[in-house]
Trainee: 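Here it is, the structure, as structure tokens.
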Amino acid sequence: MEKPARVRFAPSPTGHMHLGSARTALYDYLLARKTGGQFVLRIEDTDFKRYVPSAEEELMNGLRWLGLDWDEGPDKGGPYGPYRQSERKEIYLKYAEQLVESGQAYYCFCSPERLSKLREEQQKQKQPPLYDGLCREIPLAEARRRAAAGEKYTIRFKTPKSGVTTVRDALRGEITVENRTIDDYILVKSDGWALYHLAAMVDDYEMKITHVIRGSEWLPSLPLHALIIRAFGWPEPEWVHLSVFLKPSGKGKMSKRESAELIKDGHSIFVKDLEALGYLPEAVVNWVALMGWSYDDHTEIFSLSDLVEKFSLDKLNPSPAAINFTKFDYFNGYYIRSLSVPELAKRVKPFLTAAGYQVDDDRLEKIVPIIQERLNTLDDSVEMAGFFFKDEVVPAGEDLVAKGLTPAESAELAEQALEIIRSLPELTVHQAEQPLRALVERSGKTPQQVFGIIRVAVTGQRVSPPLFESMEIIGKEIVIKRMENAVAVLKKLS
RNA sequence: GCCCCCAUGGUCUAGCGGUUAGGACACAGCCCUUUCAAGGCUAUAACAGGGGUUCGAGUCCCCUUGGGGGCACCA
């Protein structure tokens with residue numbers, strides 16, 4: 001058993017939580033639970049310009065829906081709070097000052113204008129856009145004097161100008177970069193707020209985080225982060241950089257526009273949409289877990305608790321993964337099929353209700369077994385089972401005409417079927433099946449033709465759950481009404 | 001432009017020097033069947049290319065190519 005891990009999910013509340021974040025949070029959760037450690041939720045909200053007020057709530061709802069409960073966070077507190085960076089300004093400042101004091105950071109008085117001009121210049125000359133170090137050698141006493149006099153300043157990290165920095169990533173092994181390619185990055189802005197590079201390192205240290213699991217977009221700044229941590233002399237966490245998700249084609253990552261378009265096909269990369277689209281959190285968890293992680297060469301169905309038991313960092317895969325919604329649908333169908341009838345009924349009900357249907361629980365529990373294996377998403381139930389709840393169905397005339405038969409022949413068959421149904425003491429599968437099959441025999445038509453007519457008449461659809469079961473649930477009276485209507489329609493066509 | 005990362009079928013992946021390169025989704029066919037599903041069976045399909053190292057390379061090294069990410073007083 002590994003040592004208890006303290007992991008953190010540290011999103012910034014700037015938009016919707018997407019699948020990539022969900023997967024990061026999942027792995028955080030799994031590692032914490034597996035090792036008996038803690039899962040910390042920290043909100044990185046120091047960018048006030050991009051702040052979205054509803055985002056934090058959405059984030060927590062998403063995590064809860066997925067079943068990923070956290071141990072410490074802004075809503076529940078904990079021993080290392082506050083858990084919102086916007087409430088930790090003084091802490092960052094203290095540590096920044098410490099770095100300045102030890103000569104590993106410095107005050108920089110360069111204006112944004114000078115910096116952008118500098119960058120422009122460097123770009124033109126095809127140079128890497130790095131700070132030129134103008135303020136790097138200003139004596140500390142002088143810098144303090146200027147700062148005290150009210151001059152605007154930022155605090156920059158003093159990167160070594162020679163040598164190399166080597167950092168170990170759990171998925172990729174050692175990564176080495178030349179220090180001259182690392183910028184003297186700004187740690188504290190002129191408004192006194194720390195930037196991510198300082199804030200996150202400080203928080204991870206103060207919160208005693210043992211494993212930093214985050215997206216691979218952070219890989220390029222990993223050496224900087226290591227340098228900062230080493231400048232403080234802090235213990236280095238285990239770095240785990242997860243690969244990004246690519247669009248289904250595997251070519252490039254999904255653009256904002258493409259993400260928004262997805263919803264038209266009933267898909268979404270935003271966690272908040274998934275529930276309404278009829279997806280099960282179990283399916284999301286299983287699917288997302290397997291994008292970048294595997295257990296062995298054949299197991300692929302994992303409940304959240306299976307994952308807690310089986311998860312391990314060394315089975316993580318560093319290569320980018322294309323999002324495969326088809327497989328997502330497969331998982332969702334799988335989990336729908338594995339639900340008990342009462343449970344599925346409970347989950348499907350809100351969708352039927354939302355569609356405007358009056359849903360009786362006992363009746364729903366009869367319907368669920370015959371639609372269960374036909375559902376890919378919960379909201380498929382609306383289309384698939386709507387005819388159970390509608391007052392009347394209006395089958396298209398051409399659908400009522402059986403393949404290979406004339407309208408008149410179809411009408412004749414419908415009429416005979418109607419008579420049989422009328423004559424039954426009760427319309428049950430048991431009572432109806434024999435005589436209706438006998439009708440097929442007698443008429444010399446195929447089951448497909450005869451039952452097809454009845455199906456369309458009774459359900460209004462060419463495709464439906466099993467016919468006899470459906471009729472039993474609908475009830476004799478209504479079935480007869482619908483059959484009469486179909487006969488009338490067919491006769492008109494004749 | 002510079003830096004970093006990645007590379008097994010269409011997609012997700014197993015493989016950690018010796019395998020008939022395994023599984024899953026998708027696709028196709030067959031079976032089952034009153035439609036649609038579900039289920040069962042079968043088939044098609046991969047080590048990006050080139051150099052090394054080694055008795056032996058999908059596995060180790062280098063280059064090329066392709067893909068991805070990053071270069072803000074955003075995170």
Side-chain angles (χ1 to χ4, degrees), chain A residues 10-14 44-47 49-50 85 108 110-112 115-116 119 122-130 152-156 169 171-172 175-178 181-183 185-191 193 195-197 199-200 214-223 241 243-244 246 248-253 287 290-301 314-315 317-331 333-334 337 370-376 384 433 436-437 440 446-452 454-456 459 461-468:
Chain A
S12 55
T14 53
E44 312 219 320
D45 55 351
T46 53
D47 184 356
K49 274 180 246 134
R50 293 201 303 155
Q85 292 192 328
C108 174
C110 295
S111 67
L115 294 176
S116 63
R119 242 190 316 270
Q122 288 164 327
Q123 226 130 58
K124 218 180 290 171
Q125 292 177 31
K126 312 227 181 265
Q127 296 289 316
L130 301 175
K152 283 255 179 210
Y153 67 93
T154 60
I155 297 177
R156 283 185 186 272
D169 173 74
L171 284 68
R172 287 158 264 256
I175 295 166
T176 300
V177 297
E178 297 192 53
T181 65
I182 307 174
D183 202 5
Y185 208 91
I186 292 176
L187 302 179
V188 178
K189 297 189 277 182
S190 57
D191 62 5
W193 281 96
L195 253 19
Y196 177 89
H197 303 285
R214 59 190 346 186
S216 67
E217 66 270 20
W218 291 109
L219 222 37
S221 44
L222 175 58
H241 291 88
S243 61
V244 292
L246 308 176
S249 65
K251 299 277 179 200
K253 66 169 193 178
W287 174 53
L290 256 18
M291 299 179 73
W293 177 85
S294 62
Y295 177 64
D296 58 20
D297 64 348
H298 63 280
T299 316
E300 58 159 23
I301 297 297
D314 57 352
K315 301 289 267 180
N317 187 321
S319 54
I323 297 176
N324 185 345
F325 287 106
T326 315
K327 188 140 188 177
F328 184 25
D329 288 340
Y330 165 78
F331 275 123
Y334 178 90
R337 272 172 260 134
I370 60 171
I371 63 169
Q372 182 160 24
E373 70 195 23
R374 277 158 255 265
L375 258 31
N376 272 324
M384 195 157 296
E433 187 158 0
L436 285 172
R437 283 196 189 279
V440 173
T446 65
Q448 195 166 348
Q449 289 171 321
V450 177
F451 296 145
I454 306 174
R455 180 188 312 283
V456 175
T459 69
Q461 306 168 357
R462 293 194 103 119
V463 172
S464 83
L467 182 58
F468 297 127

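Letters A, B, ... mirror the listed sequences (proteins, then strands); counts begin at 1.
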Trainee: Rounded to whole angstroms, how far apart are CG on A:D297 and P on B:rA21?
Mentor: 15 Å
Trainee: From the set B:rA38, B:rC25, B:rU34, return the single nucleotide nearest to any side-chain atom of A:T326.
Mentor: B:rC25
Trainee: Does B:rG39 have OP1 or OP2 under 4.0 Å away from a side-chain N or O of A:R374?
Mentor: no
Trainee: Would you say B:rA75 has OP1 or OP2 under 4.0 Å from some side-chain N or O of A:Y196?
Mentor: no
Trainee: Starting from C1' on B:rA72, measure out to CD on A:Q122 and report it in whole angstrom.
Mentor: 13 Å
Trainee: Would you indicate, yes or no, if B:rA14 has its OP1 or OP2 atom less than 4.0 angstrom from a side-chain nitrogen or oxygen of A:S294?
Mentor: yes
Trainee: Going by purine N1 to pyrimidine N3 plus the second Watson-Crick contact, or the G-U wobble pair, all under 3.5 Å, which nucleotide sits opposite B:rU53?
Mentor: none
Trainee: To the side chain of A:P320, which of B:rG69, B:rC6, B:rC73 is closest?
Mentor: B:rC6
Trainee: Using the C1' atom as the point on both nucleotides, what is the distance between B:rG22 and B:rU8, in whole Å?
Mentor: 11 Å
Trainee: Quickly work out the A:L130 CG to B:rG70 C1' distance and round it to whole Å.
Mentor: 12 Å
Trainee: Identify which nucleotide among B:rU35, B:rA72, B:rG23 has an atom closest to any side-chain atom of A:Y185, counting heavy atoms from C-beta outward.
Mentor: B:rA72
Trainee: Donor-acceptor pair, A:S12 side chain versus A:T14 backbone, under 3.5 Å?
Mentor: no
Trainee: If you check the A:V463 side chain, which of B:rC36, B:rU34, B:rC73 turns out closest?
Mentor: B:rC36
Trainee: May I ask which nucleotide in the shown strands pairs with B:rG1, Watson-Crick or G-U wobble, both distances under 3.5 Å?
Mentor: B:rC71
Trainee: Are the side chain of A:N324 and the backbone of A:T326 linked by a donor-acceptor contact shorter than 3.5 Å?
Mentor: yes
Trainee: Can you check whether any acceptor in the base of B:rA24 is under 3.5 Å from a donor in the side chain of A:K327, or vice versa?
Mentor: yes
Trainee: Just name whichever nucleotide pairs with B:rA24, Watson-Crick or G-U, keeping both distances under 3.5 Å, else none.
Mentor: B:rU11
Trainee: Between the base of B:rC73 and the side chain of A:S190, is there a donor and acceptor pair under 3.5 angstrom?
Mentor: yes
Trainee: Is the shortest side-chain N/O distance from A:R50 to OP1 or OP2 of B:rA75 below 4.0 Å?
Mentor: no
Trainee: Going by modelled atom types, is there a donor-acceptor pair between the base of B:rC5 and the side chain of A:R172 at under 3.5 Å?
Mentor: no
Trainee: Return no unless some side-chain N or O of A:N317 is found under 4.0 Å from OP1 or OP2 of B:rA14.
Mentor: yes
Trainee: Would you please confirm or rule out a distance under 4.0 Å between OP1 or OP2 of B:rG67 and any side-chain N or O of A:S319?
Mentor: no
Trainee: Looking at A:E217 and A:K253, is there a salt bridge between them, counting it only when a charged N and a carboxylate O are closer than 4.0 Å?
Mentor: no
